[in-house]
Amino acid sequence: TDFAECFASFDQGLKILVDTLEVRTEVYVSDQVMDELSHLYRWRSKTHIVERIRDAVNAGLIGCLKICAVSEDAQLFNRLTSGGSSSLPIMGAGEAAAIVLAKSLSGTVASNNLKDVKRYCQDNGIGLICTEDVISLAVYKEKVTIEHAAYIWDKLKKDGRCLPKYDFYEAYQKFVNGRPL
């Protein structure tokens, strides 16, 4: 959920996300993420985040998917959110839904909550990206300047988003040097 919030929290964020990944309607949010985001309606200053995501879904920029209640996907979702797998941490609904949908669609999990999702993704051969990866890739592909990316990074950190302690310039150096982020 934090990943979606990051890109929806600033002007053109969702467009940068989709343009950078060079996909259209192959970026999805789950109903569970939309439910988690609805808590932002409690703060007047954050309602634009939910509205931007809803607008992007309505415009076909990103898709919204449901997990069928009677399916293997639902069983996996329940194991991930209830601790049914003792070797994994209990995940939030948004992270679990991202894993279930990525596994079902042979896709990639987009999450900033790496402590919950990283091990499952690695153990199950599921790709994983975070905000740091996408912003670095946007600079690399010249979708944004490095200065604009650093501004976005600093703004996201000031807004309390889940990002590493280092600055964007260090994140980008790690990206271009091919080291794991």
Enumerate donor-acceptor pairs with a distance under 3.5 Å from any side-chain N or O in residues 137-148 to protein atoms, sequence neighbours excluded.
residue : atom : partner : partner atom : Å
K141    : NZ   : T20     : O            : 2.8
K141    : NZ   : E22     : OE2          : 3.3
T145    : OG1  : H148    : N            : 3.0

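- The heavy-atom pair separating C130 from S111 by the smallest distance is CB-O, 3.2 Å.
- Distance check: T108 OG1 to D133 CG gives 10.5 Å after rounding to the nearest 0.5 Å.
- The aromatic rings of F175 and Y172 lie parallel to each other, with less than 30° between the two planes, well short of the 60° mark.
- Take K15 and apply the side chain to side chain donor-acceptor pair (under 3.5 Å) test, not counting sequence neighbours, and it matches D19.
- Shown here for A102 and V109, the closest heavy-atom pair between the two residues is CB-CG2, 3.6 Å.
- Here the CZ atom belonging to F3 is positioned 4.5 Å from the CD1 atom belonging to I129, to the nearest 0.5 angstrom.
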Which pairs would a plain distance check flag for residues 62-72, meaning a side-chain donor or acceptor within less than 3.5 Å of a matching protein atom at least two apart in sequence or in another chain?
residue : atom : partner : partner atom : Å
S71     : OG   : C68     : O            : 2.8
S71     : OG   : D73     : N            : 3.3
S71     : OG   : A74     : N            : 3.1

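- N124 contributes no side-chain N or O that, together with a main-chain N or O of I126, makes up a donor-acceptor pair within less than 3.5 Å.
- In this structure, S136 and W153 have side chains that are not in contact, with every pair of non-hydrogen atoms separated by 4.5 Å or more.
- Taking CZ of F7 as the reference point, atom OG1 of T131 lies at 4.5 Å (rounded to 0.5 Å).
- Taking CZ from F77 and CD from Q32, the interatomic distance works out to 4.5 Å, rounded to the nearest 0.5 Å.
- The CD atom of Q12 sits 10.0 Å away from the CD1 atom of I152 when rounded to the nearest 0.5 Å.
- In this structure, OG1 in T47 is found 10.0 Å from CZ in R52, a value given to the nearest 0.5 Å.
- Among R161, K157, K155, the single residue meeting the side-chain hydrogen bond (donor to acceptor under 3.5 Å, both in side chains) criterion with D159 is K155.
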